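Because the structure is predicted, anything quoted here is derived from the model rather than measured.
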Amino acid sequence: MPATVHLSRLTPLSFLERSATAFPDRLAVVDGDRRLTWSELRERARRLAVALQASGIERGDRVAFLAPNTVELLEAHYGVPGAGAVLVAINTRLTRDEIAYILGHCGARMLVVDHTLAHLADGAALERVIVCGDGGEYEEFLAAAGEGEPDDRIESEDDTISINYTSGTTGRPKGVMYTYRGAYLNALSEAAHSRLDSRSVYLWTLPMFHCNGWCFTWAVTALGATHVCLRKVDPPLVWRLIADEGVTHLNGAPTVLVMLASDPAARVLEQPVLVTTAGAPPPPAVIERTEALGFRINHLYGLTETYGPITICEWNPDWDGLDVEERARLKARQGLAMLTADPVRVVDPQMHDVPADGETMGEVVMCGNNVMKGYFDDPAATAEAFRGGWFHSGDLGVMHPDGYVELRDRAKDIIISGGENISTIEVEQALVRHPDVLEAAVVAIADEKWGERPKAFVTLRPGSTLTERELIAFSRETLAGFKAPSAVEFGDLPKTSTGKIKKYELRAREVI
């Protein structure tokens, strides 16, 4: 008879064990003046897991963290699941009421909160609140942990490792459940596509609370690269850390690229930095400007429900000889499934694949290991999201003949003017090509004759004297007349904590 083969569970917790074994004395984390080796990070995660179990946290209990990008939140990605509990990393920019809703909805038994955010936890109905940093009790909590390893309470790689809450822009936020298997596989994809290795230095410009940092909390550890923590995106500080710490990688929405490229400290890099961008389609003009400084762009696409990025615009070396503008246009596409993800489809309302002609629009749908387990305590919303057996993104796109997906809009963002569909993304990309335009967002406004027309909200470079009439005329050089905006409003754009433009706030200013 054949021998029984033992198959281990896929879990990202194994990444920390491996790096602590391979690189015990190498630098793992930089957090201001604090520097930890891999063995020290592993020990802190062990202590957190043991302390949680000793405090009464049971298998499947939710443990919430409310903190910026710090050592504490990073080690929570190992210590909380290491105790068999579920990590709920909460958006630090939410209001007290929004945070209270999330804590109540997920049924968190404990909250660890950074001392700068402790006021947001006032009145929270929790068994225990632990403050970290600036004399908080968190370090005492770890120090009290006994020796030995925590009890292994993981029963399946399909167990829930974390719950990440959506932005809630159209209602109450939903809790997206990730599994150990999905987190493990997505982290490996991120590591491979970002070309991380043990010499890499990753700067945390992306919030760790957002999709568990697109799973880079685990991906960076998997290769033994160095985490450089950053409490908030401060462009001058980012430029200083790039030089002082030898940063090789950072992530963020396209607005982060705009902030870095337009900051007075911007300069041509001495060594390339690979920037992984997602969250919104980056205009080709932004890609051109960023790469001119020496950044290399990795363009990915995904949602909270897909562990963050699920597709990548995989670069084809055959495109190397194209001109800069054409290369940027190709790189702005969302691409094809990442290494460990199932193929992504673009379908019509009957779930039939649209022609791969780069013109016929449909909804982007996905399935597989890198799609969420479901919404926590919301079977109705889960069933609706997975109708037909595929997760419905709500994003509209086209499939190109080469198998690459390109987004054209969110379903709710398409403007229908005189019976013609207008992609807000297409209009935004035309506007950002103007050298004085930093960012643009386009929404629908009411029009008596056409039903709807595009209106643009635009942020200009400091000192620019560009007028509304001049920018509309510029857009008509590359857009059909009916697609050009009817109005332009200049000013700063409202954004989420992850850099996405809050179009719903812009819509709220207009009566549709």
ring-ring contact (aromatic ring centres under 6.0 Å, His included) for Phe15 and Tyr184? Distances and angles first, verdict last. CA-CA 9 Å; Phe15 299 150; Tyr184 178 97; 5.0 Å; yes
Here's a test for you: under side chain to side chain contact (heavy atoms under 4.5 Å, CB included), which of Asn91, Leu103, Val112, Leu117 qualifies with Leu66? Leu117
Taking the side chain as everything from C-beta on, heavy atoms only, tell me whether [X] gets closer than 4.5 Å to [Y].
{"X": "Leu13", "Y": "Pro81", "result": "yes"}
{"X": "Val86", "Y": "Cys106", "result": "no"}
{"X": "Tyr78", "Y": "Thr221", "result": "yes"}
{"X": "Cys229", "Y": "Met208", "result": "yes"}

Closer than 4.0 angstrom, basic N to acidic O: yes or no for [X] and [Y]?
{"X": "Asp61", "Y": "Arg109", "value": "yes"}
{"X": "Arg46", "Y": "Glu17", "value": "no"}
{"X": "Arg327", "Y": "Glu291", "value": "no"}
{"X": "Asp114", "Y": "Arg231", "value": "yes"}
{"X": "Arg35", "Y": "Glu245", "value": "yes"}
{"X": "Glu406", "Y": "Arg329", "value": "no"}

Of all heavy-atom pairs between [X] and [Y], which one has the smallest distance, and what is that distance?
{"X": "Leu73", "Y": "Phe209", "result": "CD2-N, 4.2 Å"}
{"X": "Leu223", "Y": "Leu196", "result": "CG-O, 3.5 Å"}
{"X": "His227", "Y": "Trp204", "result": "ND1-NE1, 3.1 Å"}
{"X": "Glu149", "Y": "Arg42", "result": "OE1-NH2, 2.9 Å"}
{"X": "Leu336", "Y": "Gly403", "result": "CB-O, 4.1 Å"}

Indicate whether any N or O donor in one side chain lies under 3.5 Å from an N or O acceptor in the other, for Thr340 and Asn370. yes
Test log, rule side-chain hydrogen bond (donor to acceptor under 3.5 Å, both in side chains), inputs Asp158 and Ser156: CA-CA 5 Å; Asp158 196 44; Ser156 166; 5.4 Å; no
Between Trp315 and Trp319, how do the two ring planes meet: parallel, tilted or perpendicular, split at 30° and 60°? perpendicular
Ring geometry between Phe216 and Tyr202 (parallel below 30°, tilted from 30 to 60°, perpendicular above 60°): parallel
side-chain hydrogen bond (donor to acceptor under 3.5 Å, both in side chains) between Asn212 and Tyr307, worked out: CA-CA 8 Å; Asn212 300 116; Tyr307 295 72; over 6 Å; no
Quick check: does any side chain N or O of Asn186 sit under 3.5 Å from a backbone N or O of Pro309, one acting as donor and the other as acceptor? yes
Test: Arg172 cationic atom under 6.0 Å from Tyr101 six-membered ring centre, within 45° of axis: yes
Test side-chain hydrogen bond (donor to acceptor under 3.5 Å, both in side chains) on Glu314 and Tyr404; report intermediate values, then the result. CA-CA 9 Å; Glu314 194 74 65; Tyr404 280 48; over 6 Å; no
